[in-house]
Colleague: 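Quick one: structure below, then a few questions.
Reminder, nothing fancy here: chain letters follow the sequence lines and each chain counts from 1.
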Amino acid sequence: MPELPEVETVRSGLAKWVTGRRVSRVEVHHPRAVRRHAPGADHFAAGLVGRTITGVRRRGKYLWLPLDGPGEPGDAVLAHLGMSGQLLVQPADAPDEKHLRVRVGFADGGPELRFVDQRTFGGLSLSAGGADLPAEIAHIARDPADPEFDDEEFVTALRRRHTGVKRALLDQTLISGVGNIYADEALWRAKLHWARPTETMTRPAARTLLGYVREVLGEALRAGGTSFDTLYVNVNGESGYFDRSLNAYGRDGEPCRRCGTPIRREPFMNRSSYRCPRCQPRPRHPRT
DNA sequence: CATTTATCCTGTAAGC
DNA sequence: TGCTTACAGGATAAAT
């Protein structure tokens, strides 16, 4: 599931392959892939043809590709991978992927950019004037890899919440880029239960947790991200290998690497949480 | 207003 | 064997 490390891996790969190239052809194979583009698929395609991609930027789990002329300067293609979205760079004569949703061809005749998405939770849109920061994602907080992320502001905002700490980590308006996998991993490192009330966390404890979030995201990025199957891949279709380094996520029944107690999976927000029952005991007054 | 829940989707795997 | 059910989960609209 693409979280910050996976999306950043895709961003850097894309930057190398599509920057400076002029779009010559756009095909939308599934309307759901551009559902966030209100004017529709044809408008999306027409707005993209003839423009040059000037780079690839990211905030949290969102990517955007700023565009240069000939239209209004400052537009961008906004992309979210959802759960199963892939942005692949493929030779133009490569066979279509089963779940190919959008094809972007280039005037130089080189490799195509393809958006492939099995579960169709992801999508592309054309953001007017969104080259610097698309208005559609202005509500998304900076991510902890952003040099302008304000640690003290995060600590204050976290403690102002009245919710469980994992809910807060997953709230992209508070801190972006963290999903279910890395939330569980950071909480394991911090020895915190997911239902720990945010308002009872001390400032030092909140800073420590943030440190672990940064640490695990950084390690995962250096490993090329986490892959459990072929759903998350970089632009060349290759998997990352951070799954071997996971301490909690997906390890139901396996021994905690700190104390040996079996990791437990439990329902959380219509999904799952993994924790060590001994290292991360339930708080006295849990907030779920 | 803040917070929580339901919903979108499809392939895989487990269970009967 | 074949069918049904659970699960994966990010973002957001709707509900509380």
Colleague: Distance only, no hydrogens: is a donor on one side chain within 3.5 Å (strictly under) of an acceptor on the other, for Tyr182(A) and Glu6(A)?
Modeller: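 Checked: Tyr182(A)/Glu6(A) side chains pair up, N/O donor to acceptor below 3.5 Å.
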Colleague: Take atom NE2 of His139(A) and atom P of dA11(C), then tell me their distance rounded to the nearest Å.
Modeller: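 In whole Å, dA11(C) P lies 8 Å from His139(A) NE2.
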Colleague: By nearest atom, which of the nucleotides dA11(C), dC7(C), dC9(B) is closest to the Tyr62(A) side chain?
Modeller: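 For Tyr62(A), the side-chain atoms sit closest to dA11(C).
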Colleague: Quick check: closest heavy atoms across Leu170(A) and Ala183(A), and the distance to 0.1 Å?
Modeller: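 Smallest interatomic distance, heavy atoms only, reads CD2-CB, 4.0 Å.
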Colleague: With a 4.0 Å cut-off on heavy atoms, is Arg35(A) in touch with a base, just the backbone sugar-phosphate, or nothing at all?
Modeller: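 Touches nothing.
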Colleague: Whole Å only: how far is the CZ atom of Arg271(A) from the P atom of dA6(C)?
Modeller: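 It is 17 Å, rounded to the nearest whole Å.
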Colleague: Whole angstroms only, please: what is the CZ-C1' distance between Arg161(A) and dT4(B)?
Modeller: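 The distance from CZ of Arg161(A) to C1' of dT4(B) comes to 13 Å, rounded to the nearest Å.
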Colleague: Ignoring hydrogens and geometry beyond distance, is a side-chain donor-acceptor pair present between Arg196(A) and Thr200(A) at under 3.5 Å?
Modeller: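 Yes, side-chain donor-acceptor contact under 3.5 Å.
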Colleague: Do Glu266(A) and Ser273(A) pair up side chain to side chain, a donor and an acceptor below 3.5 Å, judged on atom types alone?
Modeller: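 No - no donor-acceptor pair under 3.5 Å links their side chains.
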Colleague: With sugar-phosphate meaning primed atoms plus P, OP1 and OP2, does Arg167(A) contact a base, only sugar-phosphate, or nothing at under 4.0 Å between heavy atoms?
Modeller: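 The residue Arg167(A) makes base contact.
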Colleague: Is Ser84(A) close enough to dT10(B) that one of its side-chain N or O atoms is under 4.0 Å from OP1 or OP2 there?
Modeller: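 Answer is no, no contact under 4.0 Å.
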Colleague: Using a heavy-atom cut-off of 4.0 Å across all strands, would you classify Asp117(A) as base, sugar-phosphate, or nothing?
Modeller: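 It contacts nothing in the nucleic acid.
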Colleague: By nearest atom, which of the nucleotides dT7(B), dG11(B), dG10(C) is closest to the His99(A) side chain?
Modeller: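 That would be dG11(B).
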Colleague: Taking CG from Leu4(A) and P from dG10(C), how many angstroms apart are they, rounded to a whole number?
Modeller: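 Atom CG in Leu4(A) sits about 13 Å away from atom P in dG10(C).
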Colleague: Give Phe268(A) one of three labels, base, sugar-phosphate or nothing, depending on what nucleic acid heavy atoms sit under 4.0 Å from its own.
Modeller: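 Touches nothing.
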Colleague: Contact class for His30(A) vs. all strands (heavy atom < 4.0 Å): base, sugar-phosphate, or nothing?
Modeller: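 Contact class for His30(A): none.
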Colleague: Measure the distance from CG on Asp143(A) to P on dG10(C) and round it to the nearest whole Å.
Modeller: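 Going from Asp143(A) (CG) to dG10(C) (P), I get 15 Å.
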Colleague: Using only heavy-atom distances, determine whether the side chains of Arg22(A) and Thr52(A) contain a donor-acceptor pair under 3.5 Å.
Modeller: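 On atom types as modelled, these side chains do not qualify, holding no pair under 3.5 Å.
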Colleague: Rounded to the nearest Å, what distance is computed from the CZ atom of residue Arg287(A) to the C1' atom of nucleotide dT4(B)?
Modeller: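 It works out to 12 Å between those atoms.
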Colleague: Nearest to the side chain of Arg36(A) - dA8(C), dG10(C), dT12(C)?
Modeller: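 Per side-chain heavy atoms of Arg36(A), the pick is dT12(C).
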Colleague: Counting only side-chain N and O atoms of Gln172(A), is one of them less than 4.0 Å from OP1 or OP2 of dA11(C)?
Modeller: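 Result: yes.
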Colleague: If you find the nucleotide of DNA chain B closest to Lys98(A) and the one closest to Gly164(A), which residue's nucleotide is nearer the 5' end?
Modeller: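 The answer here is Gly164(A).
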Colleague: Can you tell me the distance, in whole Å, between the CG atom of Asn270(A) and the C1' atom of dT3(B)?
Modeller: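 To the nearest whole Å, that distance equals 15 Å.
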Colleague: Output the rounded distance in Å from CG (Leu81(A)) to P (dT10(B)).
Modeller: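 It is 18 Å, rounded to the nearest whole Å.
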Colleague: Would you classify Tyr274(A) as touching base, sugar-phosphate or nothing, given that sugar-phosphate means primed atoms plus P, OP1 and OP2, and contacts are heavy atoms under 4.0 Å?
Modeller: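 Sugar-phosphate contact only.
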Colleague: Please test Trp188(A) against Cys256(A) for side-chain contact (heavy atoms from CB on, under 4.5 Å), starting from the C-alpha separation and ending with a verdict.
Modeller: CA-CA 10 Å; Trp188(A) 182 87; Cys256(A) 170; 3.5 Å; yes
Colleague: Output the single nucleotide from dA8(C), dG10(C), dT4(B) whose closest atom is nearest the side chain of Thr163(A).
Modeller: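 Taking heavy atoms from C-beta onward, the closest nucleotide is dT4(B).
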